Amino acid sequence: MPPVALALLFFAAGLLAGFGGAVLGGSAFVGCLVLARWYSGKQQWIAYAALFTAAMALSALRAADDAICISTAMREPGWRLTLTTDAEPGASARAAMETCHASVILAVDSGEVRAGSHVIATGLPIRTERGILIRDAKLERAEGRSALVSLRASAGRGIDEAFGADAPMVRALLIADTRRLDPAMRDRFATAGLVHMLSISGLHVAIIAGAVVLLLRAARVGRRMALAGAFPVTAFYVLMIGAPAPAVRSATMLGAAA
């Protein structure tokens with residue numbers, strides 16, 4: 001195994017240790033040590049261990065910084081957010097904090113704003129297992145919009161118009177939006193052992209990348225260049241749908257291969 005590949009594995013294991021805890025990170029570290037012992041000399045172990053430690057420290061510091069940031073934000077009178085879904089009074093909406101790495105659910109009391117817009121939200125913030133809930137949220141539009149979030153919202157509206165009653169399923173399979181999916185449908189997929197199909201993951205990313213590769217190969221582009229060309233297209237798609245973790249992992253593997 002090339003030294004660069006081993007270095008990437010140790011760095012990823014360090015990130016797992018920082019974000020995922022000692023058990024997950026420790027298991028990954030032991031696995032990497034076994035690979036290093038098999039594929040490299042002992043003199044390289046110190047460098048790999050240092051890389052692991054650095055990645056673990058970086059991820060742990062990031063997690064601690066986010067926790068402090070969120071605690072500080074909970075005491076603020078207003079929150080600056082980027083809406084990831086459309087917001088309207090009487091409904092719930094999702095948003096991302098612009099200062100901290102955290103997801104926000106808004107129980108909207110007033111303000112009708114399109115997805116991708118920057119807003120100032122006021123209300124009653126509550127910390128939950130799924131993120132932060134702001135009850136009785138009042139939204140005021142701020143300057144600017146997020147182009148990628150706006151594109152995803154526009155794609156969702158296009159799906160609604162084109163597929164009608166089937167739109168919730170198409171939204172889940174194409175743009176990772178499962179909010180409108182019927183719970184009974186989820187249960188049927190779970191019973192069949194196919195619930196993973198409802199989240200954008202390796203299969204979906206592989207289909208996108210494979211389609212791009214086939215198109216480039218049909219245009220007489222070389223195999224290696226076609227693979228390299230598929231990566232930026234796939235990366236853009238993953239970013240556009242909100243960068244769900246399974247899709248990010250798959251895109252990262254595609255990038256490493258490319």
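Side-chain atoms are counted along with the backbone in the values below, which use heavy atoms only and exclude waters and symmetry mates. The shown structure was predicted, so the numbers you read here are calculated from the model rather than taken from an experiment.
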Is the number of heavy atoms from other residues, nucleotides or ligands under 6.0 Å of Arg157 CZ greater than 12?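 Check passes, neighbour count above 12.
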For [X] and [Y], indicate whether the former's side chain and the latter's backbone hold a donor-acceptor pair under 3.5 Å.
X      : Y      : answer
Arg186 : Thr178 : yes
Arg80  : Met97  : no
His118 : Leu83  : no
Asp86  : Ala115 : yes
Arg152 : Ala176 : yes
Arg188 : Ala192 : no
Ser117 : Val113 : no
Arg171 : Gly156 : yes
Ser250 : Pro246 : yes

Within this structure, what is the [atom1]-[atom2] distance for the pair [X] and [Y], rounded to the nearest 0.5 Å?
X      : Y      : atom1 : atom2 : value
Ile241 : Leu174 : CD1   : CG    : 9.5 Å
Met169 : Met197 : CE    : CE    : 9.5 Å
Thr122 : Leu139 : OG1   : CG    : 8.0 Å
Leu106 : Leu81  : CG    : CG    : 6.0 Å
Ile132 : Ile126 : CD1   : CD1   : 11.0 Å
Ile200 : Leu173 : CD1   : CG    : 6.5 Å

Taking C-beta and beyond as the side chain, do [X] and [Y] meet within less than 4.5 Å on heavy atoms?
X      : Y      : result
Arg135 : Leu133 : yes
Trp79  : Ile134 : yes
Ser71  : Arg127 : yes
Phe236 : Leu151 : yes
Asp160 : Arg180 : yes

Is it the case that one hydrophobic cluster holds both [X] and [Y], taking links as side-chain heavy atoms less than 4.5 Å apart, direct or via other members?
X      : Y      : result
Ile175 : Phe163 : yes
Val233 : Met225 : yes
Val119 : Leu124 : no
Leu227 : Val212 : no
Leu198 : Tyr237 : no

Using the salt bridge (Lys or Arg N to Asp or Glu O under 4.0 Å) criterion, which residues pair with Arg94? Sequence neighbours excluded. none
Checking Arg249 now: which residues fulfil salt bridge (Lys or Arg N to Asp or Glu O under 4.0 Å) with it, not counting sequence neighbours? none
Please give me the minimum heavy-atom distance between [X] and [Y], naming the atom from each residue.
X      : Y      : value
Ala172 : Leu181 : CB-CD2, 4.4 Å
Leu216 : Ala230 : CD1-N, 4.3 Å
Gly123 : Pro125 : O-CD, 3.3 Å
Ala87  : Val108 : CB-CG2, 4.1 Å
Val205 : Ala251 : CG1-N, 4.2 Å
Ser110 : Lys138 : OG-CG, 3.3 Å

